[in-house]
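Single-structure report; data block below.
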Amino acid sequence: MKALLATLALCLACAPAMAQTVSEYTEYDLEADCSVIGRSLEGEGDWVDFVCPGYAGYPFVVRYTDGRESVTYGFATDSGMSTFSPFNYANGTVEWRVRIDRDVETPVAAIQRWFLADIDGNWSRQILVVSRVGQPDGGGACALGFIDAHAEGANQAARQLADQMAENFACGSDTPHIDETVSDIVPAG
C-alpha cells in the first residue's frame with residue numbers, strides 16, 4: 001500500500017499543471033514611459049504614435065489623432081482598434097488577461113477603460129474595451145468587445161468575455177461583442 005501511495009504521489013507531482021488565466025496590471029504615462037515612433041509633420045494634421053512597454057515583453061501601440069486615441073496590444077502589423085467618434089482617451093492602466101501554462105505566461109487579452117466626451121465636452125461616458133493581444137507567431141490584434149463601464153459587474157463581464165473569446169477570436173472576420181447601451185458610439189469595423 002505504501003508503494004502504491006508513493007507511486008501515486010510521484011505521478012501527481014509529475015503531472016502537467018492545468019493552464020489558468022489571471023489578471024496582471026501595467027500602468028503607463030505616454031510622455032514618461034512610451035517612445036514616439038511616428039509623428040505628423042508640419043501641415044499633416046495632429047497625430048502621434050507611441051510604443052509602450054506592456055506585460056511580459058508584449059508591447060502596445062497608442063495612436064493619438066486629433067483628440068482621439070486607439071490602442072493595439074502585442075505583436076501586430078495592423079492597427080487593432082478603430083477609435084471612437086467622440087473625443088476620447090484611454091486610462092493609463094491596462095489589465096492583461098494572462099494564460100499561465102507550465103510556468104509560461106502569455107498575455108492573450110487586454111482590458112482598458114476609455115473616457116469619452118459628450119456633445120458638451122464633459123467626460124460622461126466610459127467603455128471597457130476588450131482586445132485580443134497579437135502573438136509573436138501571428139493571429140492578429142483587435143478589439144473583440146465593448147462593455148458599458150457604468151453597468152453593474154462590468155469589470156467581471158469584461159474578464160469573462162476576454163477569457164471566452166480572446167484565444168480563438170478571428171480578427172477581421174468574427175464580430176465583436178457590443179453592449180447595447182454603447183452601440184451608438186462604438187466604431188464600425
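This one's a predicted model, so the numbers in the text were calculated from it and none came from an experiment.
- Ring centers of F146 and W114: at least 6.0 Å apart, outside the cut-off.
- The closest side-chain heavy-atom distance from L116 to I185 is below 4.5 Å.
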Checking Y25 against V94 for the side-chain contact (heavy atoms from CB on, under 4.5 Å) test, could you report, in this order, the C-alpha distance in whole Å, the side-chain angles of both residues, the deciding distance, and whether it holds? CA-CA 6 Å; Y25 298 85; V94 178; over 6 Å; no

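- With a 4.5 Å cut-off on side-chain heavy atoms, V51 and S35 count as touching.
- Around the CG atom of N168, the shell of radius 6.0 Å holds no more than 12 heavy atoms that belong to other residues, nucleotides or ligands.
- Remark: the backbone N or O of P107 is not paired with any side-chain donor or acceptor of R99 at under 3.5 angstrom.
- Taking each heavy atom of L30 and C52 in turn, the nearest pair found is CD2-SG, 4.0 Å.
- Residue A141 comes nearest to Y73 through the heavy atom pair CB-O, 3.4 Å, listed as atom of the first residue, atom of the second, then distance.
- In this structure, the side chain of H150 engages the main chain of Q126 through a donor-acceptor pair within 3.5 Å.
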side-chain contact (heavy atoms from CB on, under 4.5 Å) between T93 and Q112, worked out: CA-CA 7 Å; T93 300; Q112 195 164 13; over 6 Å; no

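- Not a single donor-acceptor pair under 3.5 Å links the side chain of Q156 to the backbone N or O of A154.
- Using modelled atom types, one side-chain atom of D118 and one backbone atom of D120 make a donor-acceptor pair closer than 3.5 Å.
- Under the 4.5 Å side-chain heavy-atom criterion for grouping Ile, Leu, Val, Met, Phe, Trp and Tyr, V71 is connected to F84 within one hydrophobic cluster.
- One finds no salt bridge joining R97 and E24 here, because no Lys/Arg side-chain nitrogen approaches an Asp/Glu carboxylate oxygen to under 4.0 Å.
- Nearest heavy atom pair, residue S85 against residue R68, reads O-NE, 2.6 Å.
- There is no path of hydrophobic side-chain contacts, each under 4.5 Å, that joins W47 to V61.
- A salt bridge links R159 to E95: one of the charged nitrogens lies within less than 4.0 Å of a carboxylate oxygen.
- Between N155 atom CG and S23 atom OG the span is 9.5 Å, to the nearest 0.5 Å.
- When only modelled atom types and interatomic distance are considered, D46 and T65 share no side-chain donor-acceptor pair under 3.5 Å.
- No chain of hydrophobic side-chain contacts below 4.5 Å, direct or via other Ile, Leu, Val, Met, Phe, Trp or Tyr residues, connects V186 to L144.
- Using a 4.5 Å cut-off on side-chain heavy atoms (C-beta onward), D137 and F75 make no contact.
- With hydrogens and angles disregarded, no donor-acceptor distance shorter than 3.5 Å links the side chain of S70 to the backbone of S82.
- By the 4.5 Å heavy-atom criterion applied to side chains, F87 and F115 are not counted as neighbours.
- Heavy-atom contacts from other residues, nucleotides or ligands closer than 6.0 Å to CD of E152 number 12 or fewer.
- Salt bridge absent: R132 and D174 never bring a charged side-chain N and a carboxylate O closer than 4.0 Å.
- D179 places a side-chain N or O within 3.5 Å of a backbone atom of D148 that can act as its donor or acceptor partner.
- A162 approaches A109 most closely through the heavy-atom pair CB-CB, 3.6 Å.
- At a threshold of 4.5 Å between non-hydrogen side-chain atoms, the residues Y58 and P53 do not count as touching.
- Counting heavy atoms from C-beta on, the side chains of T72 and F60 never come closer than 4.5 Å.
- Nearest heavy atoms, A143 versus M81: CB-CG, 4.4 Å.
- Residues R113 and L128 form a side-chain contact, since some pair of their non-hydrogen atoms from C-beta on lies under 4.5 Å apart.
- Aromatic ring centroids of Y89 and Y64 lie 6.0 Å or more apart.
- Residues V133 and V62 share a single hydrophobic cluster, defined by chaining ILVMFWY side chains whose heavy atoms lie under 4.5 Å apart.
- A cation-pi arrangement is not found for R63 relative to F50, the charged atom failing to lie both closer than 6.0 Å to the ring centre and inside a 45° cone about the ring normal.
- The OG1 atom of T106 sits 8.0 Å away from atom CG of D101, with the distance rounded to the nearest 0.5 Å.
- Using a 4.5 Å heavy-atom cutoff, the side chains of V130 and M165 are not in contact.
- For the atom pair SG (C34) and CG (D29), the distance works out to 7.5 Å, reported to the nearest 0.5 Å.
- Hydrophobic clustering (ILVMFWY, side-chain heavy atoms < 4.5 Å, transitive): L161 and W96 are in distinct clusters.
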